[in-house]
Protein chains: 2
Amino acid sequence: MKVTIYDVAREANVSIATVSKVINNTGRIGEKTKRKVEEVMKRLDYQPNMMASALMGKQTKTIGLLIPDLANPFFSELARSIEDRAHEFGYNLVICSTDYLPEKENKYLNLLKRKNVDGFILASGFENLEKVEEMVKEKVPVAIVARDFPMFSINTVALDDFMGGYLAASHLMKLGHQKIAVIARDVWSNRERLRGFKQALEEKNIEFMSNFEYIDGPSHVEPGKKMALKYLTGDDVPTAIFACNDLLAIGAIQAVKELGKSVPNDVSIMGFDNTLIATIVEPPLTTIAQPIQNMGKEVLDLIISMIKGEKKEVMRLTLLPSLVERNSTAPLV
Amino acid sequence: MKVTIYDVAREANVSIATVSKVINNTGRIGEKTKRKVEEVMKRLDYQPNMMASALMGKQTKTIGLLIPDLANPFFSELARSIEDRAHEFGYNLVICSTDYLPEKENKYLNLLKRKNVDGFILASGFENLEKVEEMVKEKVPVAIVARDFPMFSINTVALDDFMGGYLAASHLMKLGHQKIAVIARDVWSNRERLRGFKQALEEKNIEFMSNFEYIDGPSHVEPGKKMALKYLTGDDVPTAIFACNDLLAIGAIQAVKELGKSVPNDVSIMGFDNTLIATIVEPPLTTIAQPIQNMGKEVLDLIISMIKGEKKEVMRLTLLPSLVERNSTAPLV
DNA sequence: AAAAATTAAGTAAGCGCTTAACTAAATTAG
DNA sequence: CTAATTTAGTTAAGCGCTTACTTAATTTTT
């Protein structure tokens, strides 16, 4: 049978109020009764029901995490780092994969609100901000990670995606490449990376390839391969490809190989994220690294301080990407 | 402000009982009032508080999922497949990484019980079954996935790990290998795979390498590499290595490369799981595939039927692994 | 047309907890 | 030694819901 606060109170010959006080360490209780109650709690293996205390306005110690896809290594690594930090604070994560679908985003947001999660960490697309804005207005703790909403005042731990794209282009140009194709999905982060990429090109007066188009479908290996194949068999063949995430880059590598060419000798390939798979693929992928661990930690700390009501002013923490050179890029011969 | 059932009731000129009835579609309500209430709920954007109804014995529509490590591709892919199926039933997942640590396992179990999750899916080690047995006794819905407890009557969706190991050994032996090292971690699934592996060897009268030892630390690339290095530089050098998961296998591949040798020409490598990374590594990894999607779906369906109280008898569903031949294995020359 | 049966809605208790307000006992002050 | 203060613990209301029970209104039966 489930043991409640009443059972403990009866067994310890005190009122439930007293028990509640020793649980929460609030109010005044004598040393003796406190010890007595604690003994009984231990003996009965009493576990306070968090639903009940949540109903009374206490926290649920649960945070909702919305990401595009848990099976994507970047997001599973990010989720893990958030989880680890959350665990230190006694928090659990409800993780929801949205596939960048607005319906799923809103559905999950509603569902988690009903479940009284203490706060939300959003790493999904949210092209439609309506619901999120509303939540912010309602003072629901919401933090954004790995995404950025300029012009929207909301606590954010972002990556400088623009700089990431800029870095990628710069590296490739330094190697002598002039015809660089980009593989990207039409989501915020990728658009920013593309923007940074173009900026770098422009500064060197290099033309951006005119046959660019966004992939449709998920940022996975297959779509990356398909798009790379398209570029490589088109009439304006690139000498390098910048893919906006590692998965896409790996697809591109596969495409090059399938055409009987070599990476990086015939085509240089760059990725983005620096997930585990970047180190595994052959050749090891030159990529733009995101400080995943740090992002996870920072955003969790941020949401916790919001939940505690400490954080008054809104802040945007922008972390910087860095170039990780491996063997998938080489000077243009 | 938060809108409650009272607000709806007032606005619709009915009692909260009536509102509750239309929410849950229980009891008798006239068409007209029903429509009226629904209109008001929509208008006020009323979201029933699940804490409150959970307190009254209703479900929380939340399932606890305990896995060793969310950053491990096998488990993140499994988690995603469970999540997808859960979503169809309106359920959310609280995902906890245990790192195979009994303290974490028990801590999470307790925490999630306090949060009134409707059921548990366990994919962690649980070498210490005490807590789990207790929960089963208390009729808490618990299902096991990707793990097996023979001699323990509990609903399970398992993989035939023994067969997996057997398959791996058989394949390698068919290629002519006789000296096959095994890289494994001292956890249930790996022990079973090892057992199956040895069984296959025995049937062909081939001796198991005497210098075997379990890795310590996580089943990750580095430990795999380290152990492979140890085997390959020892005095009884294997011609093939069977690693009990893809990550370890990739470490082994890196070790071989580091020694200036070639996979599969000098050393054949096999993995286990058939995660995304098996397709990405060079050479593509011959591995034993787990039907991840299917496992996820099946275990979710299982726990749902337990939650609904439909499932009376305990069942163990054992899914079968299969060999996926790629290029990391070759005949012994 | 009155009694019986059916339908529609309301009343109120209670889920397990927190907390403000209160009482009683113990301590200190004057 | 009484009054003021502090300390320890209790009472009871209420968080937002569900549900068994009840009442009132309507329909059906004879």
Side-chain angles (χ1 to χ4, degrees), chain A residues 1-41 44-62 110-118 138, chain B residues 1-41 44-62 110-118 138:
Chain A
M1 221 32 326
K2 193 154 270 180
V3 18
T4 74
I5 199 172
Y6 288 94
D7 302 314
V8 176
R10 190 179 333 106
E11 196 77 8
N13 284 312
V14 294
S15 71
I16 59 165
T18 304
V19 178
S20 178
K21 278 171 191 158
V22 357
I23 292 169
N24 299 292
N25 203 23
T26 55
R28 326 181 145 306
I29 356 98
E31 262 309 310
K32 215 172 295 178
T33 24
K34 179 173 177 180
R35 248 194 292 281
K36 172 73 181 169
V37 170
E38 276 166 346
E39 181 266 314
V40 172
M41 293 200 302
L44 301 187
D45 190 27
Y46 167 64
Q47 308 279 6
N49 182 328
M50 298 189 84
M51 305 281 99
S53 51
L55 239 201
M56 289 300 298
K58 290 252 156 175
Q59 286 157 19
T60 54
K61 292 281 187 177
T62 304
N110 278 329
L111 201 52
L112 296 187
K113 265 178 77 178
R114 296 180 46 184
K115 291 186 179 176
N116 280 36
V117 299
D118 297 333
E138 288 170 358
Chain B
M1 220 30 335
K2 195 151 270 181
V3 18
T4 74
I5 199 172
Y6 289 94
D7 302 315
V8 176
R10 189 177 338 104
E11 196 77 8
N13 283 312
V14 294
S15 71
I16 59 164
T18 304
V19 177
S20 178
K21 280 170 192 160
V22 357
I23 292 168
N24 300 291
N25 202 22
T26 55
R28 323 181 147 306
I29 356 98
E31 262 309 307
K32 216 172 294 180
T33 24
K34 180 173 176 179
R35 249 193 291 281
K36 173 74 180 167
V37 170
E38 276 166 347
E39 180 266 312
V40 173
M41 294 199 302
L44 301 187
D45 189 27
Y46 167 65
Q47 307 280 7
N49 182 329
M50 299 189 83
M51 305 281 100
S53 52
L55 241 201
M56 290 300 298
K58 289 252 158 175
Q59 287 159 19
T60 54
K61 291 282 187 178
T62 304
N110 278 328
L111 200 52
L112 296 187
K113 263 178 79 177
R114 296 180 46 186
K115 290 185 181 179
N116 280 35
V117 300
D118 297 333
E138 288 170 357

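Labels below follow one simple rule: chain letters A, B, ... track the order of the sequence lines, proteins then strands, and each chain is numbered from 1.
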Quiz prompt | Contact list for DNA chain C against residues 15-22 of chain A - heavy-atom distance below 4.0 Å | solution = A:Ile16, A:Ala17, A:Ser20
Quiz item: Heavy atoms, side chains only, cut-off 4.5 Å: are B:Thr4 and B:Arg10 in contact?
Solution: no
Which pairs of donor and acceptor atoms, one on a side chain in residues 12-21 of chain B, lie under 3.5 Å apart (sequence neighbours left out)?
| unit_1 | atom_1 | unit_2 | atom_2 | d |
| --- | --- | --- | --- | --- |
| B:Ser15 | OG | B:Ala17 | N | 3.4 |
| B:Ser15 | OG | B:Thr18 | N | 3.4 |
| B:Ser15 | OG | B:Thr18 | OG1 | 3.2 |
| B:Ser20 | OG | B:Asn24 | ND2 | 3.4 |

Report all side-chain donor-acceptor pairs from residues 45-52 of chain B shorter than 3.5 Å, counting only partners two or more places apart or in another chain.
| unit_1 | atom_1 | unit_2 | atom_2 | d |
| --- | --- | --- | --- | --- |
| B:Gln47 | NE2 | A:Asn110 | OD1 | 3.0 |
| B:Asn49 | OD1 | B:Met51 | N | 2.7 |
| B:Asn49 | OD1 | B:Ala52 | N | 3.3 |

Quiz item: Nucleotide range of DNA chain D contacted by chain B, 5' to 3', under 4.0 Å to a heavy atom?
Solution: D:dG16 to D:dT19
Quiz item: Looking at DNA chain D, which of residues 30-41 of chain A put a heavy atom within less than 4.0 Å of it?
Solution: A:Gly30, A:Thr33
Self-check item: Short N-O contact, B:Arg35 and B:Glu31, less than 4.0 angstrom
Solution: yes
Exercise. Quick one: pull up CD1 in A:Ile23 and CD in A:Glu38 and give me the separation to the nearest 0.5 Å.
Key: 10.5 Å
Self-check item: Inter-axis angle, terminal five-pair segments of the helix from C:dA1-D:dT30 to C:dG30-D:dC1 [nearest 10°]
Solution: 40°
Exercise. Could you state the atom-to-atom distance from CG of A:Asn24 to P of C:dA20 in whole Å?
Key: 12 Å
Quiz prompt | Atom pair NZ (B:Lys2) and CG (A:Asn116), whose distance is rounded to the nearest 0.5 Å | solution = 5.0 Å
Practice problem: Please step through side chain to side chain donor-acceptor pair (under 3.5 Å) for the pair B:Lys115 and B:Thr62, ending with a clear verdict. | Solution: CA-CA 9 Å; B:Lys115 290 185 181 179; B:Thr62 304; over 6 Å; no
Exercise. Any chance you could measure B:Arg114, atom CZ, to A:Thr60, atom OG1, to the nearest 0.5 Å?
Key: 11.5 Å
Quiz item: Quick one: CG on A:Asp7 to CE on A:Met41, what's the gap to the nearest 0.5 Å?
Solution: 13.0 Å
Practice problem: Specify the residue among B:Arg28 and A:Tyr46 whose closest nucleotide of DNA chain C lies further upstream toward the 5′ end. | Solution: B:Arg28
Exercise. Could you check how far CE of B:Met56 sits from P of C:dA12, rounded to whole Å?
Key: 16 Å
